[in-house]
Asks: 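Sharing a structure, written as structure tokens. Questions coming.
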Amino acid sequence: RAQRHDFLNHLQVVYGLMEMEEYLEAREYIGKVYQDIQKVSRVLKTANPAVNALLQAKLLDAEKRNIRMDIHVLSRFEHLPVPSWEFCRVLGNLLDNAIAALSEKKDDRVLSVRLQENLKEIIVSVEDNGPMIPQNLLDKIFHPGFTTKKEQGEGMGLAIVKAILEQYGGKIEVDSSESLTEFTVSIPKTSDA
């Protein structure tokens, strides 16, 4: 709605720049407006307003921290097998952890989120290029109270994620190397729980 509201103003600015033959300025202005539109558009693709709002908030948080966040929405998530608020708790905790991990890195911070589904399950992948989680800690990170965060951390996020997923017959897997850490969540469309 805000974009529609500003659209006339943007057109007037571009028209004015063209009239003054400031073509390079007009091109740069259009480029910046287009980037803003793309940021919002890439997030607001699911059929679930709560998921859209969460992704938008985390995108803004990542940008403030100089983290490039790529969001790949390959499904509209029209029929989530879990309540929206529970799904947002899962996704929010995973994103918060990735953002915290990337805060330990000086530059080239990249966070990638992929939302997809197949005939049997919903699949969410959260990947970052932050520090590696040591192999001997991969099982411990899901225990309540365990944290690897250098900043203040309670160690509850991944325990909450795992408990919610188990309640709906889902699972979480983690793969961590020196270059990437990826959490993959899968939730069956018909819960056996």
Side-chain angles (χ1 to χ4, degrees), residues 39 42-43 46 50-51 54-75 77 80-118 120-188 191-193:
K39 285 178 189 174
R42 67 183 174 178
V43 171
T46 76
V51 173
L54 176 71
L55 289 172
Q56 183 66 35
K58 297 305 179 187
L59 178 64
L60 293 173
D61 185 31
E63 285 177 355
K64 284 179 192 169
R65 298 170 188 250
N66 203 22
I67 295 170
R68 188 183 93 214
M69 184 169 168
D70 298 322
I71 301 172
H72 308 279
V73 179
L74 306 174
S75 168
F77 281 17
L80 281 175
V82 299
S84 295
W85 66 277
E86 292 274 50
F87 183 79
C88 286
R89 287 176 70 198
V90 168
L91 184 56
N93 275 303
L94 292 176
L95 292 173
D96 286 345
N97 283 355
I99 289 170
L102 287 167
S103 296
E104 296 178 24
K105 194 173 177 185
K106 289 187 179 190
D107 57 9
D108 186 36
R109 302 169 173 179
V110 181
L111 169 57
S112 180
V113 183
R114 182 177 297 269
L115 305 174
Q116 60 190 0
E117 66 183 289
N118 58 35
K120 295 182 178 183
E121 59 192 359
I122 298 287
I123 303 165
V124 175
S125 169
V126 175
E127 180 181 277
D128 69 73
N129 66 343
M132 176 181 172
I133 301 170
Q135 197 71 28
N136 64 324
L137 299 182
L138 288 178
D139 288 336
K140 296 176 184 175
I141 61 175
F142 296 103
H143 296 165
F146 184 85
T147 184
T148 60
K149 291 179 185 170
K150 290 182 180 167
E151 310 174 352
Q152 195 173 357
E154 297 175 10
M156 292 305 296
L158 290 175
I160 290 168
V161 166
K162 189 172 183 186
I164 292 169
L165 292 173
E166 287 175 350
Q167 182 180 352
Y168 295 96
K171 63 182 179 180
I172 184 167
E173 297 174 351
V174 60
D175 186 31
S176 190
S177 68
E178 293 199 17
S179 57
L180 289 174
T181 295
E182 180 178 21
F183 285 86
T184 305
V185 164
S186 56
I187 308 169
S191 178
D192 297 332

Asks: Rounded at 0.5 Å granularity, tell me how far CG in Leu115 sits from CD1 in Ile71.
Replies: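 Here the interatomic distance stands at 8.0 Å.
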
Asks: Given side chain to side chain contact (heavy atoms under 4.5 Å, CB included), test Leu102 with Arg65 step by step and report yes or no.
Replies: CA-CA 9 Å; Leu102 287 167; Arg65 298 170 188 250; over 6 Å; no

Asks: State the CD1-CG distance between Ile67 and Leu95, to the nearest 0.5 angstrom.
Replies: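 Between atom CD1 of Ile67 and atom CG of Leu95 there are 10.5 Å.
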
Asks: Apply the test side chain to side chain contact (heavy atoms under 4.5 Å, CB included) to residues Phe183 and Leu158: give CA-CA distance (whole Å), side-chain angles for both, the deciding distance (0.1 Å), then the verdict.
Replies: CA-CA 10 Å; Phe183 285 86; Leu158 290 175; 4.0 Å; yes

Asks: So which atom in Glu117 and which in Ile122 form the shortest heavy-atom distance, rounded to 0.1 Å?
Replies: CB-CD1, 3.9 Å

Asks: Ser177 and Thr181: which non-hydrogen atoms are nearest, and at how many Å?
Replies: O-OG1, 4.5 Å

Asks: So which atom in Ser75 and which in Thr46 form the shortest heavy-atom distance, rounded to 0.1 Å?
Replies: O-CG2, 4.2 Å

Asks: What pair of heavy atoms forms the shortest contact from Ala159 to His143, and how long is it?
Replies: CB-C, 4.2 Å

Asks: Applying the side chain to side chain donor-acceptor pair (under 3.5 Å) test to Ser125, which of Glu182, His72, Gln116 qualifies?
Replies: Glu182

Asks: Give a yes or no on whether Asp139 atom CG has more than 12 heavy-atom contacts from other residues, nucleotides or ligands under 6.0 Å away.
Replies: no

Asks: Report, one line per pair, each donor and acceptor closer than 3.5 Å where one atom sits in a side chain of residues 126-133; sequence neighbours left out.
Replies:
from   : atom 1 : to     : atom 2 : distance (Å)
Asp128 : OD1    : Gly130 : N      : 2.8
Asn129 : OD1    : Val110 : N      : 2.9
Asn129 : ND2    : Asp108 : O      : 2.7

Asks: Going from CG on Leu111 to NZ on Lys58, what distance comes out if it is rounded to the nearest 0.5 angstrom?
Replies: 10.5 Å

Asks: What I'd like to find out is whether the side chain of Lys120 reaches to under 4.5 Å of the side chain of Pro188, using heavy atoms alone.
Replies: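 Not in contact.
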
Asks: Nearest heavy-atom pair of Ile141 and Phe146: which atoms, and what distance?
Replies: CA-CD2, 3.7 Å

Asks: In residues 80-92, what donor-acceptor pairs under 3.5 Å come from side-chain atoms, sequence neighbours left out?
Replies:
from  : atom 1 : to    : atom 2 : distance (Å)
Ser84 : OG     : Asn48 : ND2    : 2.7
Glu86 : OE1    : Arg89 : NH1    : 3.0

Asks: So, taking the atom named CG in Asp70 and the one named CG in Leu59, what distance separates them when rounded to the nearest 0.5 Å?
Replies: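 It comes to 9.5 Å.
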
Asks: Any chance CG of Asp61 has more than 12 other-residue heavy atoms, nucleotides or ligands included, within less than 6.0 Å?
Replies: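 Result for CG/Asp61: enclosed.
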
Asks: Measure the CE-CZ distance between Met69 and Arg109 for me, rounded to the nearest 0.5 Å.
Replies: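 CZ of Arg109 is found 15.0 Å from CE of Met69.
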
